[in-house]
Amino acid sequence: MEIKRGTAVSPGVAIGPALVLDTEGYRIPARFIDRCQRNDEVQRLRAALREAAAEAREKQSAISQKLGKQYGAIFAAHAMLIEDPELVRELEELIQEKRYSAEYAVSQVIRRHAKALESLMSAQFSSRSADLFDIEKAILRCLLGSKSEALRQLTQPVIVLAHDLTPSETAQLDPKLVHAFATEVGGRASHTAIMAGALEIPAVVGLGRFLTDISGGDEVIVDGNRGVLIINPDEETRERYEKTRATISTFYRELSELRDLPAVTKGENSVRVQLLGNIEFPQEVQHCLNRGADGIGLYRTEFLYLNKTTDPGEAEHLDAYLNVLHSLGSGKPVVIRTLDLGADKFAKHVEKQHTEHNPSLGLRSIRLCLRNLALFKTQLRAILRASAYGDVRIMFPMISTLREIRQCKMILAEVKEDLEEERIAFNKQLPVGTMIEVPSAAIMAKELAREVDFFSIGTNDLIQYTLAADRTNEGVANLYSAGDPAVLRLIAQVVDAAGDKVAVSVCGEMSGDPIYTMLLVGMGLRQLSVAPQNIPEIKKIIRSVTLEEAKEVAGAVMKFDTARDVNNYLRDRTRRVLPDVVN
Ligand code: PEP
Ligand code: MG
């Protein structure tokens, strides 16, 4: 049994067989086949060798044309090595006599040859070992297929284990067959993690290297509450987790009884907190309603780009928005955020003049929309048209200067004029909001408050930019904390600047983490927008504390000077209210 710890990003516990997706750059773990499968395995190996050799020859001719014959020759040598009769004989022998899987045989043999070359201590031979590793990867790719193929061909429930998954790959996971996933890299606020929440499957990211220790089919446990992956659990651990799984489902069943109750604090001075849901797809509106959400506080429309190669048109935007309004029913608001493309979200659709060294600091999100007015106006038209049919509000992401929000409003006014001319209905008083997710916006919140109707604090990016710690990089996860006093002071500043003039909510992952609920309410927040699966426990905490307690917590927290002290204190205070939700 082996236990790995990472970052819990989507709650729940799953137990099942592993599907290991990534192989590139990793050792293929020991795997054996049944005696009766040997001939089929040899055929599989031969097919993969043929395919890998053909690919190498294609590369040879492409590179020869582009760079010259001497470079193409490298790949000709690859093809010859792949087809080398001695190598083929060795591989087939391991399959026939030792019952190795084709992948394991390839990995073992090629790596042995590579090591032998490296040990010759000659620069010329060492560099040849890199070629051998390349060949190994090429054959393994042919044997194992691409990640998406592996995901499409699922027939039985699995737990997906990968080095990394992109948001698009995560979205392709079928929750009926993929019961959980765990990755070596990634952070709490990565979009992959957010997608896991949307699919409502347990997930842990940022586990560090573990793929080398596991074979496909091994039993694993993913604990999405505590951020733990257990490989080949012993009987006792397995039983313990079976029990935890049952307890968790009872706990969630109990929480579901709160569905129709409002999120109000206890006691005489009770205050009402509006609990809204964050969604990426229209279908998730139902997840929010099932848990008693007061509306949608963040609709991440960039997910309209998922698995698309072209920009969605006005009709496609409008269709999605009307779909959301229809599912939501009348009287509940939806905050539609304009496209937040770039950085780790669907960056490949984004046409850039040059590759950026720092995509998170580059031409992303609203910056991209302001440079691509056709794309921007298409979406604004659709949002305005949808506003004729329900309580729609518009929000601009990643605003970092006053000038940007003014530009957005100007373009919105132009689009309104166009619609008026065309006699198309829309809400002339459409509320306009801005995300506060860049430190400059938090600092300028007083001025921004004069420009908009509401603020939504995007802590995922605010933490990243305040602490200069990439939200997707587990290597700096120790710095990336919502409890950091610098982040908390910025939030306090924004709440203060908003005053009574503009409504303010928090919509980053912080608002869905129960340890921060008392703090946020104590700091004066009366609107929280959270992933649907977090709504019940956040509501439970709000209903379990008085406003005075929340204020006392906030008062104490603002005196701490490190994230560690803040988080320890908050964990302790939350544990007293709701022991089951604290890691
Ligand atoms: C945020 O940055 O906190 C946020 C809500 O937006 P996203 O996670 O989509 O960047
Ligand atoms: Mg953001």
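All heavy atoms count here, side chains included; hydrogens, waters and symmetry mates do not.
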Apply side-chain contact (heavy atoms from CB on, under 4.5 Å) to [X] and list each qualifying residue two or more places apart in sequence or on a separate chain.
X: Glu58; value: none
X: Arg99; value: Ile33, Arg35, Arg38
X: Val335; value: Arg393, Met395, Phe454
X: Ala180; value: Ala14, Ile159, Pro202, Val222

Does [atom1] in [X] sit with more than 12 non-hydrogen atoms of other residues, nucleotides or ligands closer than 6.0 Å?
X: Lys540; atom1: NZ; result: no
X: Arg112; atom1: CZ; result: yes
X: Arg240; atom1: CZ; result: yes

Quick one: list whatever passes salt bridge (Lys or Arg N to Asp or Glu O under 4.0 Å) with [X], sequence neighbours left out.
X: Lys332; result: none
X: Glu316; result: Lys308
X: Glu83; result: Arg57
X: Glu92; result: Arg46

Any residue meeting side chain to side chain donor-acceptor pair (under 3.5 Å) with [X], in chain and number order, not counting sequence neighbours:
X: Arg471; result: His191, Asp461
X: Thr459; result: none
X: Asp34; result: none
X: Ser456; result: Ser505

Under-4.0 Å salt bridge between [X] and [Y]:
X: Arg337; Y: Glu302; value: yes
X: Arg291; Y: Glu200; value: yes
X: Arg209; Y: Glu184; value: no

Using 30° and 60° as the class limits, which term best fits the ring planes of His78 and Phe75: parallel, tilted or perpendicular? perpendicular
Under a plain distance cut-off of 3.5 Å, with no hydrogens placed, do Thr466 and Asp484 share a side-chain donor-acceptor pair? no
Measure the CG-CZ distance between Leu161 and Phe210 for me, rounded to the nearest 0.5 Å. 5.0 Å
